[in-house]
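Only one structure is covered here, and it is reproduced in the block below.
First the proteins, then the strands, lettered A, B, ... as listed; each starts at 1.
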Amino acid sequence: MWSRVQYVNIFSMFAGQKSNDKRPEVYDSDHSLGEEHDEPGTSNSYFSELNLQELDLDVIPERYVQEQGLYTPLNFTALNLSKNRLLCAREIRAFKNVTFLDLSNNQLVELPKEISALRSIRTLIARNNLLEELPGTMAALVEMESLNLAGNRLTAFPTPCLNMPRLRQLQLGANEIPEIPHGIGSLVSLELLYLGGNRLVEIPATIGLLGLLSNLNLSDNLLESLPSTVAELQELEILSLHNNRIRTLPTGIVKLRNLAQLTLRGNPLVAQFVSNFQLEPPKLKELAGRALQRKLERWRLREILPRELIEYLKSANQCVNPKCKGVYFEACVEHVKFVDFCGKYRVPLLEFLCSPRCSSSAPACVTSSSDTEDEGEEREKMMRKVLLG
Amino acid sequence: MGGWMSKEVVNAPEQQQMGPYTFDQLVKDLHNELRGDRDEHGNVKNEEKMLKIGRRLLERYMSQEGGWRKYAFGDPKKIKYYRNMVAQGKGWYLLVLVWPEGLQSAIHGHSNANCFVKMLDGELLERRYDTPESLVFEGKPEANGDSAKVMRLIGENRYTKNNVSYMSDDQGLHSMNNDSNSNEAISLHLYFPAFTQCLCFDEETSFVHEGTMVWHTVGGVKTEHFGN
């Protein structure tokens, strides 16, 4: 497979060869080259990379931009310009056939809008530059699969990304992003989402839509909690939360069967087992609502209750105790329970229980399996309780 | 600068051909010079000598592209650090480790062996811990809330490109952390005697479990552990 690589090494063309070592074909783990080599191809197809790394360039030299012989730009499917001193990279528009472009470690304050000419691009790495935003034209790069903008000066989430439905890896670490748009949920191909080292105070609930996500990094931010929808990320293998302001985690996290690594250090986690606490007894409306909510359909309440009360009853939350059928409206008990996780961690989970007395051995509200003539008596008893307060 | 006379320096022909010390030369020299000799009990006899040789060779090599890069494979999912076996000799082996952004290793021991780490690219933050007095294994009945103890941090070191550090069990335990959110870290590890099992400790509880070290590539070729 390797013999089909035509690796044009400009390195050795310059005076003062920097290294006696042979240049390798495989570059680094961001590279998608390896995958391309594994695909069978026709004898006419070839794959070639133009390597202009670490040559102290402040512009792309003219001779590589013009169409001539070996260095005709359209010949190359990969271009490496990392570790130079580029201030501007408009000439990359000549490399229309590249699927891989590395502009890392330069001095770019912006990506040129002409980058949209690279219609086939699948991997773009632009780590450690001075980028503050992406040009709107990048929304046209719909083939993009791996985008790495870590270590720049992004002060907002780069919205052209939301137009890239094939995006599998998105790395935005070490920037200055204060919030993530709800639209993140549309990037359903994402497997890796790296947001560590930004200024995030919360994560939108739409994150739960990223069903293929296996690696989520939210470390070094200002998060105080996570949306409960994180529990829907069934493919998640690693969740990095270190160095935030998190006190508890959503209960559903224990359902993530593939989660093998969870980093929590540097958070003000609830240190002790906290017993239930209740600030105010539930109001009469709440108690009545609890009693009636499950009977909403059966008693044809819709025909007799005002609409506002119907809406109120529909807003009921199910008690998280699986053995309890009770519901609550506003008055619930915040209960912190420590759970052994992956056999290694003790993780504080926040549960909302319907009553301080509710526990798995003695649920506050039990239904009998068959609701028949007993029910008539039951509901009478409950109605009396409610009316008497 | 009075009294200083400039001299014409004549270089021997061999010196003129010598460029910078390359990675392949480092590996060759390790094969030639580093040999572990064991006594009749199986203990390494010449440990002191091996320590000197190992440190000298690692400090001599200055990290540059075009040498170690062909061994540096990272986890495509960026979930684990990958161990790439470069070379094995008599009683030692040499690995290149690739650390994804933001990844920290478990706190671990070194199985009575010696370990040199040289940074090739990026940075690693080392945290050193006191060894707990007794080992309490995870999952055993004695591992409970009463026996749980937070591990004691005794030092922190940051290693940058070309730094060479040394670790062994008598210095305690450590974790290594790539705390950069934008750069991978790549390190060169020289272990002798060779070992594949080590103890891993939980920082919050001091509970321990045994870990097995696997190689993800050997000599630049992927193993069955690659991509899993």
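- Residue-environment remark: CD (A:E133) stays at or below the threshold of 12 foreign heavy atoms within 6.0 Å.
- Neither the backbone nor the side chain of B:I186 comes within less than 4.5 Å of any heavy atom in chain A.
- Atoms CD and OG, on B:Q104 and A:S240 in that order, are 10.5 Å from each other to the nearest 0.5 Å.
- Here A:H242 contributes atom NE2 and B:N177 contributes atom CG; the two are 6.5 Å apart, rounded to the nearest 0.5 Å.
- In the displayed structure, A:R85 atom CZ is contacted under 6.0 Å by more than 12 heavy atoms of other residues, nucleotides or ligands.
- Partner of B:K78 under the side chain to side chain contact (heavy atoms under 4.5 Å, CB included) criterion, chosen from A:N215, A:I238, A:N217: A:N215.
- The local environment of CZ in A:R166 is sparse, with at most 12 non-hydrogen atoms from other residues, nucleotides or ligands closer than 6.0 Å.
- Atom-to-atom distance recorded for A:N128:CG and B:S180:OG is 7.5 Å, nearest 0.5 angstrom.
- Summarising the local packing, CZ of A:R245 is surrounded by 12 or fewer heavy atoms from other residues, nucleotides or ligands at distances under 6.0 Å.
- In this structure, A:R127 contributes its side chain and B:S182 its backbone to a donor-acceptor pair below 3.5 Å.
- Atoms OG and CD, from A:S82 and B:E65 in turn, are 8.0 Å apart once rounded to the nearest 0.5 Å.
- Counting non-hydrogen atoms of other residues, nucleotides and ligands closer than 6.0 Å to CZ of B:R152 gives a total of 12 or fewer.
- Closest approach of A:A150 and B:N181 over heavy atoms only: CB-O, 3.8 Å.
- With sequence neighbours excluded, the residues satisfying side-chain contact (heavy atoms from CB on, under 4.5 Å) with B:E59 are B:R55, B:V164.
- Ranked by heavy-atom pairs under 4.5 Å with chain B, the first of A:S219, A:G173, A:S214 is A:G173.
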Report task. Using the salt bridge (charged side-chain N to carboxylate O under 4.0 Å, His left out) rule, take B:K77 and A:E237 through it: C-alpha gap first, then chi angles, then the decisive distance, then the call. Result -> CA-CA 10 Å; B:K77 294 189 192 176; A:E237 294 178 39; 2.9 Å; yes
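- Other residues, nucleotides and ligands place no more than 12 heavy atoms under 6.0 Å from the CG atom of B:N112.
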